[in-house]
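Single-structure report; data block below.
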Amino acid sequence: MFTNLSDLQKSGFFIALVLMIASLFGVLKITPEVYMFAPMIALVSMFFVITRDGYRKKEWSTLGLHRTGKGLWLFCILVPFICLSCAYFITWLTPYASPFVPEEAGSIWMVVMKVIILFIFHTVTSSLGEELGWRGYLLPKLITLGGKKLYY
């Protein structure tokens, strides 16, 4: 459709598209978790319909999917876990909360399994959709506006 757009114009189209998709989600009263998919839907629309960049191998490399960052995975899992554990422990020391499992929730292991499944779902699906849209697509387009190139 638009094959000769500058990076700044692509950025404008992308942001407008994300806002329109998110507004549509709001009008349709879709659950808030789905809002994180708006940048991914906009990315796919930009790649295959609006700019047709998705048909070129070079454009896929700008999303950052070729670098897994395996060296930081343990750090990225442990730091939030430690912070959350400290926050929960401090909260449980107050009279406002207690570490108990309601009877209708089942055993503690069922609760742990549900948390793990939800964690994986939200991390792998919705967070990935948002990160690919904002950081993978939009950031490389806007990085030309100023500052040093840090990642690309």
Side-chain angles (χ1 to χ4, degrees), residues 1-88 91 96-97 101-102 104-106 109-152:
M1 215 166 160
F2 299 104
T3 55
N4 295 325
L5 295 177
S6 69
D7 283 347
L8 195 56
Q9 290 171 325
K10 289 177 185 179
S11 301
F13 268 109
F14 178 77
I15 292 170
L17 193 56
V18 170
L19 290 174
M20 286 190 298
I21 292 167
S23 298
L24 180 65
F25 287 167
V27 169
L28 297 175
K29 298 192 185 321
I30 295 176
T31 61
E33 293 85 15
V34 179
Y35 280 89
M36 292 179 76
F37 285 107
M40 174 64 89
I41 295 168
L43 167 69
V44 170
S45 300
M46 290 292 292
F47 255 36
F48 294 109
V49 178
I50 297 173
T51 63
R52 302 212 182 256
D53 289 340
Y55 297 106
R56 292 190 300 250
K57 201 173 196 176
K58 177 186 172 252
E59 291 297 323
W60 283 94
S61 66
T62 63
L63 294 178
L65 294 173
H66 59 286
R67 296 169 36 193
T68 61
K70 288 180 187 174
L72 296 174
W73 285 12
L74 185 62
F75 176 79
C76 292
I77 291 171
L78 284 180
V79 169
F81 179 76
I82 291 169
C83 292
L84 286 171
S85 297
C86 291
Y88 275 107
T91 303
Y96 301 110
V101 178
E104 61 270 4
W109 298 112
M110 286 300 294
V111 173
V112 169
M113 288 306 294
K114 288 177 185 177
V115 167
I116 290 171
I117 289 169
L118 285 174
F119 174 77
I120 290 170
F121 174 75
H122 282 291
T123 302
V124 173
T125 57
S126 58
S127 299
L128 182 64
E130 191 172 56
E131 287 298 320
L132 280 176
W134 295 124
R135 193 174 310 222
Y137 183 77
L138 188 62
L139 180 66
K141 303 282 186 257
L142 293 178
I143 211 153
T144 58
L145 292 178
K148 296 180 182 178
K149 281 189 169 186
L150 299 175
Y151 302 108
Y152 298 100

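The residues of the chain are indexed from 1 along the displayed sequence.
The CH2 atom of Trp73 sits 14.0 Å away from atom CG of Leu78, with the distance rounded to the nearest 0.5 Å. Taking CD1 of Ile77 as the reference point, atom CD1 of Ile82 lies at 12.0 Å (rounded to 0.5 Å). For the atom pair CZ of Arg52 and CZ of Phe47, the computed distance is 13.5 Å after rounding to the nearest 0.5 Å.
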ask   = What's the verdict on side chain to side chain contact (heavy atoms under 4.5 Å, CB included) for Tyr137 and Met46, showing C-alpha distance, side-chain angles and the deciding distance?
value = CA-CA 10 Å; Tyr137 183 77; Met46 290 292 292; 3.2 Å; yes

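Pairing each heavy atom of Pro39 with each of Gly129, the nearest pair is CB-O, 4.0 Å. For the pair Ser45 and Leu17, the tightest heavy-atom approach, listed with the atom from each and the gap, is CB-CD2, 3.6 Å. Residue Lys141 comes nearest to Asp7 through the heavy atom pair CD-OD1, 3.4 Å, listed as atom of the first residue, atom of the second, then distance. Heavy atoms only, all atoms of each residue included: Thr51 and Lys10 are closest at CG2-CG, 4.1 Å. Nearest heavy-atom pair across Gln9 and Leu5 is OE1-CA, 3.4 Å.
The side chain to side chain contact (heavy atoms under 4.5 Å, CB included) test applied to Leu142 returns Leu8, Ser11, Leu138, Leu145, not counting sequence neighbours. Residues satisfying the side chain to side chain contact (heavy atoms under 4.5 Å, CB included) test with Leu72, not counting sequence neighbours, are Cys76.
Residue Tyr88 places its OH atom among 12 or fewer non-hydrogen atoms of other residues, nucleotides or ligands, all under 6.0 Å distant.
Using a distance-only test at 3.5 Å, with no hydrogens or angles considered, a donor-acceptor pair links the side chain of Tyr35 to the main chain of Gly26.
Between Phe25 and Ile41 there is a side-chain heavy-atom pair separated by less than 4.5 Å. Between Val18 and Trp134, some side-chain heavy-atom pair lies under the 4.5 Å cut-off.
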